[in-house]
Amino acid sequence: MAAANIVDSLDLHDIMHPIVFTQFDLITNSQYLLFLFLTSYTPPPLCFSPSDFPRCSPLLSSVSYNSFFLQSEICSQTHSRSLTMQSSMSLSLSLSSPLPTKANSSTHRSIRFCGLRKEALVSNLTHRHRAVPPQRIQRSRVQVSCASTSSSNGSSASVKGGFDYDLIIIGAGVGGHGAALHAVEKGLKTAIIEGDVVGGTCVNRGCVPSKALLAVSGRMRELHDEHHMKSLGLQVSTAGYDRQAVADHANNLASKIRSNLTNSMKALGVDILTGVGTIVGPQKVRYGKAGFPEQEVTARDIIIATGSTPFVPNGIEIDGKTVFTSDHALKMEWVPDWLAIVGSGYIGLEFSDVYTALGSEVTFIEALDQLMPGFDPEIGKLAQRILINPRKIDYHTGVFAKKITPAKDGKPVQIELIDAKTKEPTETIEVDAALIATGRAPFTKGLGLENINVATQRGFVPVDERMRVLDANGELVPHVYCIGDANGKLMLAHAASAQGISVVEQLTGRDHVLNHLSIPAACFTHPEISMVGLTEPQAREKGEKEGFEISVVKTSFKANTKALAENEGDGLAKMIYRPDTGEILGVHILGLHAADLIHEASNAIALGTKVQDIKFAVHAHPTLSEVLDELFKGTKIRYCVSPVTKSDIAIRLFTMTRHDTGHWMVISGIGPKAFVWHKFLREICRLTYCKLISLPISEAGN
């Protein structure tokens, strides 16, 4: 609170009715203290599920009274709509009758309303502590605070502990850049160390220049599609391209984005330190480059964000001309007549789109039994029908490229194939060039991890769910974090940025765990492919293990007016969800602008929005967004509440506003200890002018 800017101070009783009661977990017999803040001027219903508490038990083991998360959902029967209240303000609650804790009972407690899930994560009071009855809660003060920001990289205040910086980030890629900007916004004095160029793989050798090439391939493919042009009433003469101009477009785009990233950090006061960073001890980093003296700097916290490099299997000889990786391909030094692409994932599929549009014939070499193994199987099959079969592409599946020899002495590139299972030789093929697209490997050598007792796992830095680095014994390494490709959790640029922001949130006192299942991915072919969450087989496996059913809803782009107007009706969208709760498990799209459409679904997963709520959202017509609208509206929810399991507490509270009186009606499903809960509920209703109706859970759910 010392660094916070107190902008307002409100009396709790002027705006809220605090209600406090104790819930008993019938399995562990521990006590949970739950605060319900009910507004007095417009009494909205507060929907929550106490059965979620047992699943939260690991979070509730702490003796101290920590932050909890709360989301209230406002439902209006009169207007038949649902609105979710979301707030990220930080509140400090000081009670004149303090709660007993292990620490000083007069300490301010931080409460944050994040609105990310429809459940209340509440703090635990161990069985040694008595519950505080409602009548003991006195008039309280709520202080609304905002974290102070600084455009001068925290230089206005000295770094605590005598460190040079609050935060040092090793690696200035997209992940490091995102973390640096967020850190400065939070008032941390920040430095970023880069041994190559700002922007990392994504900006210089990955997603940015590749999108420039894909923009060219998209235009070329459209201009060459005579049938498509005629259907729109257009006549186009033969289209051609200038290879060097295409390469320049990709290079210029990378330079522009790299400059933007550099300038944005300099403008905010981030210190950019040039050289290779090495951790030499706790909270100490050495950096430097060849020909210059090395320097050491200290920081309270360190983030590793060194990214990755192309992975090249053994037996493949890279010459950068006829056998090359994606790094070389982006330079577009030549366009071979016949190109073999080893690997049919995101990278291989995108480059097949580029090269076939520019006139190359492509042969895929895939170790698994099907192309595009990382995609949802149904989407993969449709993608093969749209993106592979009509084009000059053939493929070999279930084989390894045991040896690849570059072209020399007038001989073409030779690729020796072996069976992926038996390892027996199958055939040797000769092509003009070979692109190795077998994934990426973490770039973690030379980081000095041995100095902090960290052992990599297949090159990846081991971390926990909060990106905190783990040592060789599985213990947390204090003040060291790792984000992005270097930790291997999800090798996507925007995932690295999200992880960096999550770490900074933790460093500034706000606990944050990133839900990686809510992070979308996209393949920028023509048409595009995008996905978020689980594939259908993954969802079914999860359902079998955890005892719930899944449902799948699909819609075609042929049913979308905007897609038909563009003559781009080829495509499919599918959603996997739970019919009992409405939870979205995964969404997969193949079609026009799929990479843009996926974010409505990914945000719904991140915010915990259920399909029964989002199906009432309105989408502009005619737009491609209506593809998602059709998915949401096509869902069928079987239950209003989650089924009660043996470990759950058999209690459900549902509230609905009675607009005629302004009072509340509480419908409660009561399980064991019903008489105890009736007593609590009667007291709640007395304080909030509610009417209490007791029903079995099955009836309450209906």
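- Between Ile279 and Ile170, the closest side-chain pair of non-hydrogen atoms falls below 4.5 Å.
- Taking the charged nitrogens against the carboxylate oxygens, Lys321 and Glu333 do have a contact shorter than 4.0 Å, which makes a salt bridge.
- Here the side chain of Ser602 pairs a donor or acceptor atom with the backbone of His599 at under 3.5 angstrom.
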(message) Between His177 and Val198, is the side-chain contact (heavy atoms from CB on, under 4.5 Å) condition met? List the steps.
(response) CA-CA 9 Å; His177 174 265; Val198 171; 5.8 Å; no
(request) Test side-chain contact (heavy atoms from CB on, under 4.5 Å) on Val335 and Met332 and set out the steps. (result) CA-CA 7 Å; Val335 179; Met332 193 56 64; 3.8 Å; yes
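- No more than 12 heavy atoms of other residues, nucleotides or ligands shown are found within 6.0 angstrom of NZ on Lys542.
- For the atom pair CZ of Phe364 and CD1 of Ile393, the computed distance is 5.5 Å after rounding to the nearest 0.5 Å.
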(request) Report the C-alpha separation of Lys562 and His593 in whole Å, then their side-chain angles, then the decisive distance to 0.1 Å, and conclude whether the side-chain contact (heavy atoms from CB on, under 4.5 Å) test is met. (result) CA-CA 11 Å; Lys562 186 63 162 55; His593 294 300; over 6 Å; no
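- Between Pro520 and His494, the shortest heavy-atom contact is O-NE2, 2.6 Å.
- Using a 4.5 Å heavy-atom threshold, the side chains of Met467 and Ser502 count as separate.
- The two residues Ile365 and Ala340 make their nearest non-hydrogen contact at CD1-CB, 4.4 Å.
- Side-chain atoms of Asp353 come within 3.5 Å of backbone N or O of His526 as a donor-acceptor pair.
- The environment of Arg243 atom CZ is dense: over 12 non-hydrogen atoms of other residues, nucleotides or ligands sit within 6.0 angstrom.
- In this structure, CG in Asp301 is found 8.5 Å from CG in Leu188, a value given to the nearest 0.5 Å.
- Residue Phe163 qualifies as enclosed at atom CZ: its count of foreign heavy atoms under 6.0 Å is above 12.
- Listed for the Ser530 side chain is a donor-acceptor partner under 3.5 Å among the backbone atoms of Ala594.
- Closest non-hydrogen pair, Leu514 versus Ala498, comes out as CD2-CB, 3.8 Å.
- Counting only heavy atoms from C-beta outward, the side chains of Ile304 and Leu449 approach each other to under 4.5 Å.
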(request) Could you walk me through whether Arg391 and Ser352 pass side chain to side chain donor-acceptor pair (under 3.5 Å), step by step? (result) CA-CA 10 Å; Arg391 301 176 182 178; Ser352 76; 5.5 Å; no
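- A donor-acceptor contact shorter than 3.5 Å is absent between the side chain of His619 and the backbone of Glu626.
- Minimum heavy-atom separation, Ile576 to Ala539: CG2-CB, 3.5 Å.
- For the pair Leu330/Leu213, a side-chain contact is recorded, criterion being any heavy-atom separation below 4.5 Å from C-beta on.
- Closest non-hydrogen pair, Asp319 versus Val323, comes out as OD1-N, 2.8 Å.
- For Tyr165 (side chain) and Val297 (main-chain N/O), no donor-acceptor pair under 3.5 Å exists by modelled atom type.
- Separating the CD1 atom in Ile303 from the CD1 atom in Ile169 is a distance of 5.0 Å, to the nearest 0.5 Å.
- Side-chain atoms of Tyr355 and Pro336, non-hydrogen and from C-beta on, do get closer than 4.5 Å to each other.
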(request) Decide yes or no on side chain to side chain donor-acceptor pair (under 3.5 Å) for Thr325 and His328, but give the supporting numbers first. (result) CA-CA 6 Å; Thr325 67; His328 306 101; 3.2 Å; yes
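- With Thr525 contributing its side chain and Pro527 its backbone, the two residues share a donor-acceptor pair below 3.5 Å.
- For the side chain to side chain contact (heavy atoms under 4.5 Å, CB included) test with Ile483, the passing option among Val503, Thr306, Ile501 is Val503; the others fail.
- Taking each heavy atom of Ala250 and Ala212 in turn, the nearest pair found is CA-CB, 3.6 Å.
- Side-chain atoms of Glu568 never come within 3.5 Å of backbone atoms of Leu592 as a donor-acceptor pair (strictly under, hydrogens ignored).
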(request) May I have the step-by-step check of side chain to side chain donor-acceptor pair (under 3.5 Å) for Glu378 and His588, ending in yes or no? (result) CA-CA 9 Å; Glu378 186 174 11; His588 304 265; over 6 Å; no
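- Within the 3.5 Å criterion, the main-chain N or O of Lys256 finds no donor-acceptor partner in the side chain of Ser259.
- In terms of the salt bridge (charged side-chain N to carboxylate O under 4.0 Å, His left out) criterion, residue partners of Asp376 (sequence neighbours excluded) are, by chain and number, Lys574.
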(message) Could you walk me through whether Leu447 and Val454 satisfy the side-chain contact (heavy atoms from CB on, under 4.5 Å) test, starting with their C-alpha distance in whole Å, then the side-chain angles of each, then the deciding distance to 0.1 Å, before giving a yes or no?
(response) CA-CA 10 Å; Leu447 276 173; Val454 173; over 6 Å; no
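- For the pair Asp166 and Lys189, the salt-bridge criterion is not met [side-chain N within less than 4.0 Å of a carboxylate O].
- Side-chain contact check for Tyr481 versus Arg466: every heavy-atom pair is 4.5 Å or farther apart.
- Among Asn603, Ile589, Leu517, Ile598, the one residue that satisfies the side chain to side chain contact (heavy atoms under 4.5 Å, CB included) test with Val532 is Ile598.
- Residues Thr190 and Ile192 form no side-chain contact, since every pair of their non-hydrogen atoms from C-beta on lies 4.5 Å or further apart.
- In terms of modelled atom types and a separation under 3.5 Å, the side chain of Glu350 and the main chain of Phe524 share a donor-acceptor contact.
- Annotation: side chain of Val197 is in contact with side chain of Arg258 (closest heavy-atom distance under 4.5 Å).
- Below 30°, between 30° and 60°, or above 60°: for Phe375 and Tyr346 the angle between ring planes is above 60°, a perpendicular geometry.
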(request) Might you work through the side chain to side chain donor-acceptor pair (under 3.5 Å) test for Glu465 and His516, ending with a clear yes or no? (result) CA-CA 10 Å; Glu465 72 279 2; His516 285 81; over 6 Å; no
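- For Thr444 (side chain) and Val461 (main-chain N/O), no donor-acceptor pair under 3.5 Å exists by modelled atom type.
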